[in-house]
Amino acid sequence: MENANEPLLAAVHSIHGFIKRTAERSDTGCCWETIDYGNKPHRDPGIFNGVGGISFFLVDSFPHTADAESLVLAQGAIDWCAAFSGKHFKRGLHLGKTGAALAALHKANTLGEAATPTFSLANAATIISEPPGPMTDLLGGEASNGFFLLKLWARTRDEAHLAGAERCADWLDRNVVRDERGTHCPVDPGGTTGFPPRLFLGAGHGISGIAHFLVLLAEATGKDRWAAFARELLDTLARYSRPAHGGLNWPVFIGAEDLPRCQWSHGAAGIGLTYFTASRVLREPRYLDMALMAAEATYGYGDFRSNYTMCTGLAGGGGLLLEAYVATGDLRWKARANEFALLCIAYRESTPSGDAWPTDAKGLYSADFGYGAAGVGHFLLRLISDGRLPMPVM
């Protein structure tokens with residue numbers, strides 16, 4: 001597969017060059033002007049469309065680029081996020097500073113640094129000391145905070161971190177509803193933030209992301225309580241699956257019947273990842289079957305949004321196809337993931353300043369992880385590694 005990897009490696013180098021060229025250095029580290037969800041430029045510490053996740057790519061691409069400045073920029077991004085004092089959330093994996101704290105932990109683990117980052121420990125202390133809630137989801141709620149605490153516990157083995165993750169799960173358990181529709185919850189159970197009260201199903205805002213965290217918590221603790229809670233959510237998800245493109249997809253929320261999305265945040269591309277995790281940890285064949293059906297639908301949808309990003313486009317879908325290959329060893333899935341990768345690469349644009357990597361809006365470019373170049377680059381790195389490089393935020 002060395003020749004097949006050549007265009008992927010060339011794209012990794014292109015993304016690296018774009019990120020390096022657009023970095024803004026300051027006394028507090030390095031930042032990038034990224035594009036928010038309303039297509040406006042901003043400087044923000046979040047993973048979703050800010051600086052927080054860029055170091056995931058910079059750290060993991062270093063073996064391929066051999067550019068020492070990559071690691072300088074990676075630490076600069078982390079330092080800038082830690083020092084950021086503008087409007088932001090302290091907690092929350094994709095939307096708050098918790099994502100950048102995870103990036104610091106990822107760098108320390110990957111490079112074999114002896115000390116656990118102070119930033120990571122401080123963010124964990126904030127999560128543990130503040131009341132849980134008000135949000136539930138994997139983007140910025142208690143599922144996301146618990147996920148981070150599990151990652152930190154895996155390094156520190158500090159029981160306070162594991163207990164903190166269980167506190168997140170306990171709060172989630174107290175805020176779900178069990179009725180004729182299954183086991184479910186809105187993103188904001190208390191209705192304090194103005195978030196729509198719909199019962200989302202996907203990995204980003206929905207019960208799939210919560211189930212993913214609970215499966216990992218069951219694996220860490222060995223407790224049947226968390227496995228049973230996860231199974232409830234997985235069974236509810238199965239109820240709302242719908243045939244699509246020879247596989248299965250999901251509506252955005254309970255009560256909807258149309259299938260407009262098939263991406264990481266909403267639909268099969270993200271829900272399938274949860275089922276693959278459940279298959280691995282809980283060892284039930286039905287979960288692998290669901291995951292593969294989600295992957296089949298994801299492949300069938302293809303580039304349905306004309307979008308190559310991790311959150312809403314091809315890179316997110318390609319990640320699921322790659323997981324199907326990892327789970328089964330079937331080279332057909334790797335070939336399909338490679339098809340998605342080549343479609344991603346086609347979005348690269350040539351500008352007078354050099355290669356540029358867009359968001360999903362014409363003429364806008366961004367280095368961020370969720371909605372820009374870094375997340376796409378990380379998917380390419382995972383494909384080059386034959387799936388051995390793990391997803392940093394799942």
Side-chain angles (χ1 to χ4, degrees), residues 91-93 98 102 124-190 199-241 254 270-291 393-394:
R91 298 178 291 152
L93 186 64
T98 297
L102 178 63
T126 296
I127 293 170
I128 292 169
S129 66
E130 293 184 355
M135 314 292 274
T136 61
D137 64 4
L138 191 60
L139 271 183
E142 286 307 292
S144 80
N145 296 327
F147 174 88
F148 167 68
L149 291 173
L150 281 180
K151 290 283 190 178
L152 185 59
W153 171 79
R155 177 179 173 105
T156 66
R157 295 295 163 170
D158 185 335
E159 289 302 314
H161 297 146
L162 188 59
E166 290 200 81
R167 188 185 74 149
C168 294
D170 183 69
W171 183 86
L172 289 166
D173 197 15
R174 287 185 280 111
N175 281 278
V176 298
V177 174
R178 295 170 171 90
D179 61 18
E180 68 280 358
R181 294 171 293 182
T183 300
H184 55 80
C185 60
V187 177
D188 175 13
L199 306 174
F200 291 97
L201 294 165
H205 285 310
I207 62 173
S208 169
I210 296 170
H212 181 83
F213 159 57
L214 292 171
V215 170
L216 295 177
L217 184 62
E219 181 180 37
T221 63
K223 292 185 179 179
D224 290 340
R225 176 188 178 186
W226 306 128
F229 188 5
R231 287 188 180 96
E232 288 184 53
L233 295 173
L234 293 164
D235 289 346
T236 300
L237 286 168
R239 178 190 303 189
Y240 294 102
S241 63
I254 293 175
I271 292 173
L273 292 173
T274 293
Y275 275 113
F276 274 126
T277 300
S279 171
R280 178 183 63 79
V281 174
L282 303 179
R283 300 185 180 279
E284 295 189 25
R286 59 185 174 134
Y287 296 146
L288 179 59
D289 292 342
M290 292 294 291
V393 291
M394 279 296 280

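FYI, the numbering just counts along the sequence from 1.
Within the 3.5 Å criterion, the main-chain N or O of Gly92 finds a donor-acceptor partner in the side chain of Asn145. The backbone N or O of Leu93 lies less than 3.5 Å from no partner atom in the side chain of Thr98, so there is not a single donor-acceptor pair. A donor-acceptor pair is defined here as one N or O able to donate and one able to accept, closer than 3.5 Å; no such pair exists between the side chain of Arg91 and the backbone of Pro132. For Thr236 (side chain) and Glu232 (main-chain N/O), a donor-acceptor pair under 3.5 Å exists by modelled atom type. In this structure, Thr136 contributes its side chain and Pro186 its backbone to a donor-acceptor pair below 3.5 Å.
Under a 4.0 Å N-O distance rule, the pair Arg174/Asp170 qualifies as a salt bridge. The pair Arg167-Glu142 does not meet the salt-bridge criterion, since no charged nitrogen lies less than 4.0 angstrom from a carboxylate oxygen. Electrostatic pairing of Arg231 and Asp224 does not count as a salt bridge here, judged by no charged N lying under 4.0 Å from a carboxylate O.
The two residues Ala227 and Leu282 make their nearest non-hydrogen contact at CB-CD2, 4.0 Å. Shown here for Asp179 and Val177, the closest heavy-atom pair between the two residues is OD2-CG1, 3.5 Å. Counting all heavy atoms, side chain and backbone alike, Ala160 lies closest to Ile128 at O-CD1, 3.6 Å. Between Ala278 and Leu234 the shortest heavy-atom distance is CB-CD1, 3.7 Å. Residue Thr183 comes nearest to Phe229 through the heavy atom pair CG2-CE1, 4.3 Å, listed as atom of the first residue, atom of the second, then distance. Nearest approach of Ala154 to Arg157, heavy atoms of both residues: O-NE, 3.7 Å.
For the pair Trp171/Pro189, a side-chain contact is recorded, criterion being any heavy-atom separation below 4.5 Å from C-beta on. Residues Tyr275 and Leu288 fail the side-chain proximity criterion, which asks for heavy atoms closer than 4.5 Å. Using a 4.5 Å heavy-atom threshold, the side chains of Phe147 and Leu102 count as touching. With a 4.5 Å cut-off on side-chain heavy atoms, Trp153 and Glu159 count as touching. The shortest distance between side-chain heavy atoms of Leu201 and His184 does not fall below 4.5 Å. When side chains are defined from C-beta on, Asp235 counts as touching Arg286, because their heavy atoms get closer than 4.5 Å.
Environment of CZ in Arg283: sparse, with no more than 12 heavy atoms of neighbouring residues, nucleotides or ligands closer than 6.0 Å.
Leu150 CG to His161 NE2: the interatomic distance, rounded to the nearest 0.5 Å, is 11.5 Å. With rounding to the nearest 0.5 Å, the separation of CZ in Phe148 from CD1 in Ile127 is 5.5 Å.
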Just distance, no hydrogens or angles: give the donor-acceptor pairs under 3.5 Å from side chains in residues 207-222, sequence neighbours left out.
unit_1, atom_1, unit_2, atom_2, d
Ser208, OG, Thr274, OG1, 2.9
His212, ND1, Thr277, OG1, 3.3
Glu219, OE1, Arg280, NH2, 3.3
Glu219, OE2, Arg280, NH1, 2.7
Thr221, OG1, Leu217, O, 2.9
Thr221, OG1, Lys223, N, 3.2

